[in-house]
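First listed ligand is number 1; within each ligand, the first listed atom is number 1.
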Amino acid sequence: MRHDSAACAARMNRLRAGFSEADALLILGAKNIRYLTGFTGGDGALMVGPDWLILLVDGRYVTQARAEVPGMEIFEFRNRVEGVAAVAGRRGVGSVGFESPLLSVEEYLRLKEALPEVKLRPLPKGFELFRAVKDDGEIDRIREAARISGEALAAVREMILPGVREEEIALELEYRMRRGGAEQVSFETIVAAGPDAALPHSTPGRREIADGDFVMIDYGAVCDGYHSDETCTYAVGHASDRQREVYRLVLEAHDRAIRAVRAGVSCGEIDRIARACLAEAGMAGYFSHGTGHGVGLDVHEAPRLASGREEILQAGMVVTVEPGVYLPGVWGIRIEDTVLVKQEGCEILTRTSKELAVIEH
Ligand code: ZN
Ligand code: ZN
């Protein structure tokens, strides 16, 4: 990772300023630890005091931690709970704010037992949004991931033909993203043809594409830790009037939602706009998931753009807009872009055209 110690220091200041009720904070999520320190290991804990900071890792990660975060105090543990208890004891903390979604009940009970005098407090819900507003360096990485993935899809598009299997396209697309500079794929690529496209999270299999199918491709690349997320739905050979009509409807829901994205609007409002558009055509019942989600070090992160969500979009957030219609056993359409929220409007980072493309053969 291009380690950016100034960005990490700013994030650490923001953490200390925003979550200061406890004597120490216990950060457990690997992506949160990476965000705050630059350490990219998959496991560990970070304890943050008012004027001290200790990264706790097991033996596998000591060398990596020293290299990635030079100068940071490292504590090597055999068992994470014992490590946290030892550090808390040594520092004499009276209360610890911890990431409750990431500590198992068993670990919590063992920690309580090891630190009977210490108050353990879950971090407030607002902590979920701690990484939601991206800085310029993060936005550059997401933009780069979107560029790499978009170029890979453009190269693979001509393969989307009758007789080709879903898994062949997924494999080629993933290969092209890696060859194009992605360090990983964002998630297992979805290539879903015909009735498979009616499953929002289909796994690509041996199904052969047939003439007249919709082929839904949901995919993304990771660049320096940051993800992109985009879905394109193509028609193969020809599209029926009904397919064109529903595609136009989903695209309209997508466009209206994107036109509404700007700082100050609630996440639930974006979802409501997409859903209302489908409802006008009686299709809201076929849209079985939320309209979008934050994208960053995780492909799915806060905020969620779903019904009733009151979180307010802020400039610098990166979120997806991805309405869909899924007709069980028949076909499905999803149209997804990753967008950067701005003071006025938004910028679409995933650049593949979303107009209906009928792939001729
Ligand atoms: Zn997606
Ligand atoms: Zn998504």
Test item: Val319 and Val295 side chains (from C-beta on) under 4.5 Å apart, heavy atoms: no
Atom CZ of Phe187 with >12 non-hydrogen neighbours under 6.0 angstrom: yes
Pair His289 + Tyr326: ring centers closer than 6.0 Å: yes
Heavy-atom check, side chain of Arg34 versus side chain of Leu297, under 4.5 Å: yes
Over 12 non-hydrogen atoms of neighbours within 6.0 angstrom of CZ in Arg91: yes
Plane angle bin for Phe130 and Phe127 - parallel if under 30°, tilted between 30 and 60°, otherwise perpendicular: parallel
Proximal protein heteroatoms (N, O or S) of the Zn ion (ligand 2), under 2.8 Å: Asp229 OD2, His293 NE2, Glu322 OE2, Glu336 OE2
